[in-house]
Amino acid sequence: MITFITGNKHKVIEAENIFKDYDINLEHIDLGYCEPQGTLEEVAISGAKYASRKLNKPVIVEDAGLFIKALKGFPGTYSSYVQETLGNQGILKLLDGVNDRYAEFRSVIGYCAPNSEPKIFLGKVIGEIAVEEKGDLGFAFDSIFYVPAEGKTFGELTTEEKNQFSHRKNSLEKFIKWYSIQ
Ligand code: ITT
């Protein structure tokens, strides 16, 4: 049994959908942990260590973000705050008239068990910032994250479709592969 520590219900739905193909039981707890300002990796490491010690259970945490090339990686580690303040319309405004719309979603899974040191797993997906919001199937930045190979934004994809190749799918799959041979 692994406990996924998150306050984001959309992450839980996606993770449950990914884990269902494997023989690993996932439970979810919204523990709330203090996120130090730092890289995704640093946040995932400290969160996983804190939660596994606190609950005395093996846990995963995830720190994710949207990195926009033309904005030098912004909002990156500030994604959560920027989503709540500027929102998608604010991001679109910042990119008004900008041609290079390359962006990446990154997800870092931090895993830690009691009495051991944390491990991290990075997943990415590349895409572009759309010129307008499209689709309401996802959450947060999904409706402005356009995937050229699909011809759709994440907001136009179902959970199953997004889970074929998302940053979260890639990081969780790396984790699951490693965990399965422990
Ligand atoms: P935790 O409790 O797991 O920390 P959170 O929502 O604060 O939940 P993060 O700090 O990992 O999550 O993520 C930062 C933000 O990045 C998140 O709030 C969203 O705004 C955005 N984000 C992350 N993954 C996303 C996805 O798959 N689709 C759209 N936006 C995403």
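For ligands, and for the atoms within them, numbers begin at 1 and follow the listed sequence.
Pairs of residues two or more places apart, or lying in two chains, that qualify as ring pair (Phe, Tyr, Trp, His ring centres under 6.0 Å) and include a residue from residues 75-111 are F105-F145, F105-F154, F105-H167, Y111-F175, Y111-W178, Y111-Y179.
With ligand atoms numbered from 1 in the order given, ligand 1 contributes 19 (C), 20 (O), 29 (C), 30 (N) to contacts under 4.0 Å with heavy atoms of A140. The distance from ligand 1 to the heavy atoms of T6 drops below 4.0 Å at these ligand atoms: 1 (P), 2 (O), 3 (O), 8 (O). Taking a cut-off of under 4.0 Å to the non-hydrogen atoms of E62, the atoms of ligand 1 that pass are 3 (O), 11 (O). Using a 4.0 Å cut-off to heavy atoms of H167, the atoms of ligand 1 that qualify are 24 (N), 25 (C), 26 (C), 27 (O). Every atom of ligand 1 is numbered from 1 in the order shown, and the set under 4.0 Å from a heavy atom of K162 is 26 (C), 27 (O), 28 (N). In summary, the atoms of ligand 1 found under 4.0 Å from a heavy atom of Q83, numbered by their order in the structure, are 20 (O). Of all atoms in ligand 1, numbered sequentially from 1 with element shown, those under 4.0 Å from a heavy atom of S79 are 14 (C), 15 (C), 16 (O). Interface of D63 with ligand 1, defined as ligand atoms under 4.0 Å from a residue heavy atom, comprises 9 (P), 10 (O), 11 (O).
Taking only non-hydrogen atoms, the option from G65, A64, S80 nearest to atom 7 (O) of ligand 1 is S80. Of the listed options E84, K169, K11, K11 places a heavy atom closest to atom 11 (O) of ligand 1.
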Cut-off 3.5 Å, no hydrogens considered: what does the side-chain donor-acceptor table look like for residues 18-27, sequence neighbours left out?
| residue | atom | partner | partner atom | Å |
| --- | --- | --- | --- | --- |
| Y22 | OH | E173 | OE2 | 3.3 |
| E27 | OE2 | T3 | OG1 | 2.7 |
| E27 | OE2 | K57 | NZ | 2.7 |

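Using a 3.5 Å distance cut-off with no hydrogens or angles, the side chains of E133 and Q89 do pair a donor with an acceptor.
Residue contacts with ligand 1, taken as heavy atom pairs separated by less than 4.0 Å, involve F105 solely via side-chain atoms from C-beta onward.
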